[in-house]
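First the structure, in the form of structure tokens, and then the observations on it.
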Amino acid sequence: MKWWRIVGVVGLVLMLCTAGLGARDGTMHIEGIPDDASGGRYDTQASIFYGDVTAFEGAMIRVLMDETEIRASILEWHTQDDYMKAVQGVTVLQNDVTITADEMEYFGDTDEAHFLGNVVVLMDDGRFTGQRFVLNVETEEMQFFGAFAGEFSN
Amino acid sequence: MRQKLLPIGTAVVLTAALLLFFMLEPADPPADDSDADAVISASFEDAVIVGRREGAVQWELVGSEMRSDNGDLLIGSLEELRLWRDDGEAYRIHSTHGTWNASNGRLHLPSETVIVGDGEWQTEAGAFTWLRDEDSVDLDGGVLVQQERTIVRSQKAQLLSSEGVFVFFGDIDIRWMEEEDGE
């Protein structure tokens with residue numbers, strides 16, 4: 001078992017087949033909401049959808065795009081700006097990679113997903129932990145900013 | 001001569017029925033005075049009802065085959081309903097028939113209804129209820145909101161008219177489609 005701890009900007013290119021977020025076809029499902037309760041709203045003037053299921057036990061927001069699934073309890077999506085922000089219980093599932101964090105932001109203009117707070121990247125043969133992690137969807141490049149730790153298994 | 005008098009007579013009866021309906025409204029108007037100066041005009045082919053709030057047009061209903069029934073105005077054929085927001089933009093609502101109650105400010109359209117709003121969005125719902133005094137619309141029976149390439153579906157929703165915001169109830173499904181090349 002090996003550990004690394006590096007301070008600074010570290011770039012990692014891994015074999016991660018990622019799909020884009022808002023710019024591609026996709027679906028979002030807000031599930032587990034009682035019929036008489038609201039878990040989401042859409043502002044037609046600002047083109048912003050906002051979902052919050054924190055008040056409902058077992059409820060979940062799921063975003064599905066190609067091979068990627070995003071789960072969170074609160075999600076804000078700016079449909080025209082191609083910007084998405086997810087907080088509370090953020091989990092991103094992509095093939096054999098799972099990323100969890102306190103918060104995730106996706107910026108469509110740069111095609112980057114930013115993960116903030118208690119970031120864990122879990123793969124078949126290892127895991128990374130840190131506080132800030134950036135994934136460039138187009139180039140498949142992953143970067144940890146600041147201190148992070150990595151662990152690989154044989 | 002009889003054929004000429006028939007349309008005129010029908011128009012007179014229709015106008016009288018509408019006037020009678022509004023004469024039967026409660027003496028005390030709603031607190032917001034939103035419908036106190038509703039203006040009615042009717043013709044043989046159609047009728048237009050305009051509701052004002054503080055002097056400004058709040059809503060306008062174009063339809064035909066209207067008749068009063070125990071305080072309700074039954075709209076047999078609804079051509080279009082327009083709801084104006086404070087900023088001057090209007091929602092255009094299309095359905096088949098409905099019921100308007102002036103005393104409680106409730107317009108109910110029980111069948112498939114389409115709402116076209118500004119910002120290039122459109123909504124379809126199985127039933128539509130406009131609550132004048134609350135400035136909101138209850139949508140039921142399956143709701144679909146589409147704006148550009150985004151579609152939101154739920155069983156029930158509420159449209160906050162002045163804000164242009166939809167609040168969805170129960171589970172929600174959203175689908176968006178990739179932009180085509182060249183767009």
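Throughout, protein chains are lettered first and strands after them, A, B, ... in sequence-line order, and every chain is numbered starting at 1. Just so you know, these numbers come straight off a predicted model, no measurement behind them.
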List the atom pairs, donor and acceptor, that lie under 3.5 Å between side-chain atoms in residues 47-54 of chain A and the rest of the protein, sequence neighbours left out.
unit_1: A:D52; atom_1: OD1; unit_2: A:T54; atom_2: N; d: 2.9
unit_1: A:D52; atom_1: OD1; unit_2: A:T54; atom_2: OG1; d: 2.6

Largest heavy-atom contact set with chain A, pairs under 4.5 Å, which of B:V165, B:V167, B:D173, B:I172: B:I172

Of the backbone (N, CA, C, O) and the side chain (C-beta and beyond), which part of B:L160 lies under 4.5 Å from a heavy atom of chain A, both, or neither? side chain

Which portion of B:E163 sits near chain A, non-hydrogen atoms under 4.5 angstrom: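 Both parts, backbone and side chain.
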
Between A:E69 and A:R71, is the closest basic N to carboxylate O distance under 4.0 Å? yes

Is B:E80 salt-bridged to B:R82, cutoff N-O under 4.0 Å? yes

Between A:V87 and A:M104, is there a shared hydrophobic cluster once you connect ILVMFWY residues whose side-chain heavy atoms come closer than 4.5 Å?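 No, A:V87 and A:M104 fall in different hydrophobic clusters.
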
Among A:G26, A:G40, A:G32, which has the most heavy-atom pairs under 4.5 Å with chain B?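 When all of A:G26, A:G40, A:G32 are compared, A:G26 has the most.
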
